[in-house]
Number of protein chains: 2
Amino acid sequence: MAIRPAEQLIHKAAWLYYAHGLRQDQVASQLNISRASVAMYLRKARETGIVNISTSTQLFTDDVMARKLEDALKLDAVWIAPENGYIPDPSTDIAVLAASVFLELVKKGDRIGVAWGRTVYTIADIMSYADLQDVTVVQLCGNLGAPYSYRPDQCTMEIARRLNAKGLNFYAPLVLSTEDLARALRAEPVIREQLAGISDCNLALFSVGTVDADSHVVKCGALNPDEMAALRGIGAAGVIAGQIIDARGEALDCSYNRRVISAELGSLRTIEKRLMVVQEDSKFEPLLAALAGGLCTHLVVGAHMAQRLLDHAGAAPQKAS
Amino acid sequence: MAIRPAEQLIHKAAWLYYAHGLRQDQVASQLNISRASVAMYLRKARETGIVNISTSTQLFTDDVMARKLEDALKLDAVWIAPENGYIPDPSTDIAVLAASVFLELVKKGDRIGVAWGRTVYTIADIMSYADLQDVTVVQLCGNLGAPYSYRPDQCTMEIARRLNAKGLNFYAPLVLSTEDLARALRAEPVIREQLAGISDCNLALFSVGTVDADSHVVKCGALNPDEMAALRGIGAAGVIAGQIIDARGEALDCSYNRRVISAELGSLRTIEKRLMVVQEDSKFEPLLAALAGGLCTHLVVGAHMAQRLLDHAGAAPQKAS
DNA sequence: CACGGCTCTCGACAAAAGTCAAACTAGGAT
DNA sequence: ATCCTAGTTTGACTTTTGTCGAGAGCCGTG
């Protein structure tokens with residue numbers, strides 16, 4: 001981006017090393033700098049996405065279970081993280097896979113919608129850098145005023161930064177105190193445009209939240225535990241981009257949802273590729289709800305969750321089309 | 001492709017090493033094998049395209065001269081290989097760049113037309129491996145019976161092999177002795193289908209040949225030096241996919257062209273992205289002819305050639321649109 | 001103009017990765 | 001059963017790469 005004087009050098013070093021296959025000392029003498037500098041340039045090249053090292057995620061879709069799930073759930077693609085077979089760091093395992101899958105799905109010129117949450121932020125955090133041009137990352141839902149980490153704008157910005165893309169933020173609170181105010185705010189040109197632009201996305205990244213007292217929306221103060229319990233009483237089954245959904249995967253008819261500034265599920269569904277990533281086993285019910293609502297087309301889950309989904313689909317199979 | 005038992009292991013090792021960032025010894029203990037084996041698996045992973053290491057070719061299009069050429073020649077993109085600035089191996093320089101550019105242009109599901117020649121073969125030869133699915137590489141022109149290297153089918157197959165793609169060969173001679181026979185052969189279902197399928201390609205890779213005694217088509221015996229001289233007399237300016245073109249970039253009206261089995265220039269032009277690569281400075285005139293005929297949309301050349309093109313465009317500027 | 005603060009660069013050392021020949025394995029042929 | 005070949009696997013060795021702290025250049029500031 002910036003025309004730093006070294007940018008040129010980094011690029012040349014990366015080119016000689018990775019494309020031509022020279023050794024670092026050969027590159028060093030070629031460019032008349034020390035080998036140590038070359039090593040440093042190469043690190044920078046990797047960090048800025050001038051060179052891209054990606055591993056195929058084939059193995060995780062080729063899996064028999066993944067194929068079965070694709071069929072059972074009628075999804076475009078499913079990736080299953082092994083979890084227990086070999087254990088590098090179980091917790092980040094799904095996130096690493098999700099990040100790779102995400103980078104595989106992104107193309108030049110894409111417009112990407114990004115939701116928020118711990119999962120999304122973790123993915124952003126471990127995602128490697130890429131040098132995509134003409135990519136725009138848009139925030140799918142309003143912000144949280146609270147100084148809570150994993151804020152929607154953070155997720156959006158971080159992913160934009162990693163991709164060397166433009167980040168389109170969204171300066172509205174996630175939830176307002178009255179429905180009138182929310183309506184008025186949604187009608188504001190800046191906000192309206194942003195919301196309208198969501199259906200122009202061709203890729204979305206999000207997770208699904210639980211509806212218990214541990215839920216993200218509760219922890220960040222958008223709802224208190226009692227309110228959440230009440231919502232659960234009237235059918236809340238999960239959280240998508242800050243909105244409560246019922247077991248059918250439709251927005252729950254409740255005051256909270258009407259006070260939220262976020263991508264409508266309808267416009268979300270118009271996005272071509274919707275990548276949903278689920279890390280915790282506790283998100284089984286919310287995941288079922290999201291799947292029922294056809295909210296995602298691409299899914300990344302752990303092996304255990306995959307098994308549960310498969311068992312569930314086997315026990316109560318979808319009506320054949 | 002083959003379901004070798006080790007494939008799984010290679011993939012796991014690559015995943016732990018490249019995606020999770022473990023060290024080789026950590027991967028080794030994780031998988032209960034020796035570190036030496038891990039090193040070997042990783043090499044295989046790179047060789048088979050399970051991991052992809054690519055360097056951005058930005059630098060070479062961002063170049064001022066490249067931008068000027070894009071404007072002057074009305075091309076979608078131009079890449080210029082430095083050549084003299086820093087010299088790793090001048091001769092392969094353009095080929096390495098071309099291979100990178102090519103890999104950047106290929107996408108899943110593509111259908112790729114490949115011509116032949118030393119340039120194309122060199123590119124195929126140094127191109128790194130990738131694991132693309134659903135890619136088909138089709139041969140753009142008939143084969144040469146002679147035991148000459150860089151045969152059309154070799155170029156096609158080699159590139160298909162590198163991409164892990166399907167190669168569609170073309171079992172007809174490049175040139176026949178009579179026009180009648182050529183016509184009859186073109187009407188054969190197998191051949192006709194292959195020729196018809198060329199317009200379905202969305203990416204083509206080719207170079208342009210000279211029309212002197214050193215020309216590829218002469219060296220491989222399709223034409224003898226005298227015939228070539230005669231063709232030059234009636235306006236031959238270059239060779240594209242085995243066909244003679246005139247200075248306007250149209251197929252020259254001659255017996256030879258009518259005896260050739262190859263992609264028609266018309267169907268070639270329907271291909272969305274046509275990457276032309278020119279290595280030798282001696283190909284200036286042929287290149288001009290090809291450019292005049294709008295035969296390519298993407299161009300990779302060396303710095304010296306780029307300068308000549310720019311000078312030429314400046315001296316005799318195209319009519320503004 | 002001297003002073004931090006800053007980034008960039010380098011030499012030297014430590015760590016990691018690549019390589020090779022020898023040992024081992026498995027399958028097929030005799 | 002025995003030999004042979006082709007392909008893996010490994011430990012030991014060499015080469016290549018990563019890293020760190022020291023030093024050099026550069027700029028704005030007091």
Side-chain angles (χ1 to χ4, degrees), chain A residues 1-56 59 85-89 92 96 126-129 131 161 164, chain B residues 1-56 59 85-89 92 96 126 128-129 161 164:
Chain A
M1 290 272 93
I3 319 106
R4 301 201 304 99
E7 186 88 348
Q8 196 86 343
L9 257 187
I10 293 177
H11 212 308
K12 280 189 181 178
W15 187 252
L16 292 173
Y17 186 75
Y18 286 108
H20 281 272
L22 302 197
R23 270 185 280 103
Q24 292 191 355
D25 50 0
Q26 297 178 293
V27 176
S29 65
Q30 191 73 236
L31 299 176
N32 279 100
I33 51 178
S34 78
R35 223 207 73 256
S37 296
V38 173
M40 197 209 52
Y41 286 157
L42 293 179
R43 181 159 38 72
K44 278 195 182 168
R46 285 186 298 262
E47 280 170 0
T48 51
I50 288 174
V51 321
N52 242 29
I53 303 187
S54 62
T55 27
S56 157
L59 184 67
Y86 51 107
I87 344 98
D89 179 354
T92 60
V96 169
I126 53 103
M127 178 155 57
S128 62
Y129 290 76
D131 194 7
R161 197 172 70 83
N164 215 331
Chain B
M1 287 285 90
I3 318 107
R4 302 199 303 98
E7 186 87 347
Q8 196 86 341
L9 257 187
I10 294 178
H11 211 308
K12 280 188 181 179
W15 187 251
L16 291 172
Y17 186 75
Y18 286 108
H20 281 273
L22 302 197
R23 271 185 280 102
Q24 291 191 355
D25 50 0
Q26 296 177 294
V27 175
S29 66
Q30 192 71 234
L31 300 176
N32 279 100
I33 49 178
S34 78
R35 223 205 73 259
S37 296
V38 173
M40 195 209 55
Y41 286 157
L42 293 179
R43 180 159 38 72
K44 279 196 181 166
R46 285 187 299 262
E47 279 169 0
T48 51
I50 288 174
V51 321
N52 242 29
I53 303 187
S54 62
T55 29
S56 158
L59 184 67
Y86 51 108
I87 346 97
D89 179 354
T92 60
V96 170
I126 53 103
S128 62
Y129 290 75
R161 198 173 70 83
N164 215 331

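Each chain gets a letter, A, B and so on, in the order its sequence line appears, and its residues count up from 1.
- For B:Ile126, the side chain to side chain contact (heavy atoms under 4.5 Å, CB included) partners two or more places apart in sequence, or in a different chain, are B:Ala95, B:Val96, B:Ala99.
- Taking all atoms of both residues into account, the shortest heavy-atom contact from B:Ala14 to B:Leu42 is CA-CD2, 3.8 Å.
- Of the candidate nucleotides D:dT8, D:dT9, C:dC8, C:dC8 has the atom nearest to the side chain of A:Lys44.
- Closest to the side chain of B:Met40, out of D:dT9, C:dT19, C:dA17, is D:dT9.
- Contact of A:Arg23 with C:dG18 (side chain to base): no donor-acceptor pair of N or O atoms is detected under 3.5 Å.
- For A:Arg43 and D:dT19, the shortest distance from a side-chain N or O to OP1 or OP2 is below 4.0 Å.
- Of the candidate nucleotides D:dT10, C:dG18, C:dA12, C:dG18 has the atom nearest to the side chain of B:Arg46.
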Candidate pair B:Tyr129 and B:Arg46, rule side chain to side chain contact (heavy atoms under 4.5 Å, CB included), full reasoning: CA-CA 7 Å; B:Tyr129 290 75; B:Arg46 285 187 299 262; over 6 Å; no

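- With C:dC10, C:dG18, D:dT19 as the choices, the nucleotide that has an atom nearest any side-chain atom of B:Ala39 turns out to be C:dG18.
- When rounded to the nearest whole Å, the span between CG of B:Leu42 and P of D:dT8 equals 16 Å.
- If you take CG of A:Leu31 and P of C:dC8, they are 16 Å apart, rounded to a whole angstrom.
- The CG-P distance, from A:Asp25 to D:dT15, rounds to 12 Å in whole Å.
- In the set C:dA17, C:dC10, D:dG11, C:dC10 carries the atom at the smallest distance from any side-chain atom of A:Ser34.
- Side-chain atoms of A:Ser37 lie closest to C:dT9 of the nucleotides D:dT10, C:dT9, C:dA17.
- Taking 4.5 Å as the limit, some side-chain heavy atom of B:Thr92 sits within range of a side-chain heavy atom of A:His20.
- Distance CG (A:Leu9) to P (C:dC10): 10 Å, rounded to an integer number of Å.
- Between A:Ile33 and A:Tyr41, some side-chain heavy-atom pair lies under the 4.5 Å cut-off.
- The distance from atom CD of B:Gln24 to atom C1' of D:dG11 is 15 Å, rounded to the nearest whole Å.
- Atom CD of B:Glu47 and atom P of C:dG18 are 12 Å apart (whole Å).
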Interface polar pairs with nucleotides 22-24 of chain C, N/O, under 3.5 angstrom:
none

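- Atom C1' of nucleotide C:dC8 and atom CD1 of A:Ile33 are separated by 11 Å, given to the nearest angstrom.
- Rounding to the nearest 0.5 angstrom, the gap separating the OH atom in A:Tyr17 from the CD1 atom in B:Ile53 is 8.5 Å.
- Put simply, the side chain of A:Thr48 does not reach to within 4.5 Å of the side chain of A:Asn164, judged on heavy atoms.
- OP1 or OP2 of C:dT9 lies within a sub-4.0 Å distance of a side-chain N or O belonging to A:Tyr41.
- Atom CZ in B:Arg35 sits roughly 10 Å away from atom C1' in C:dT19 (whole-Å rounding).
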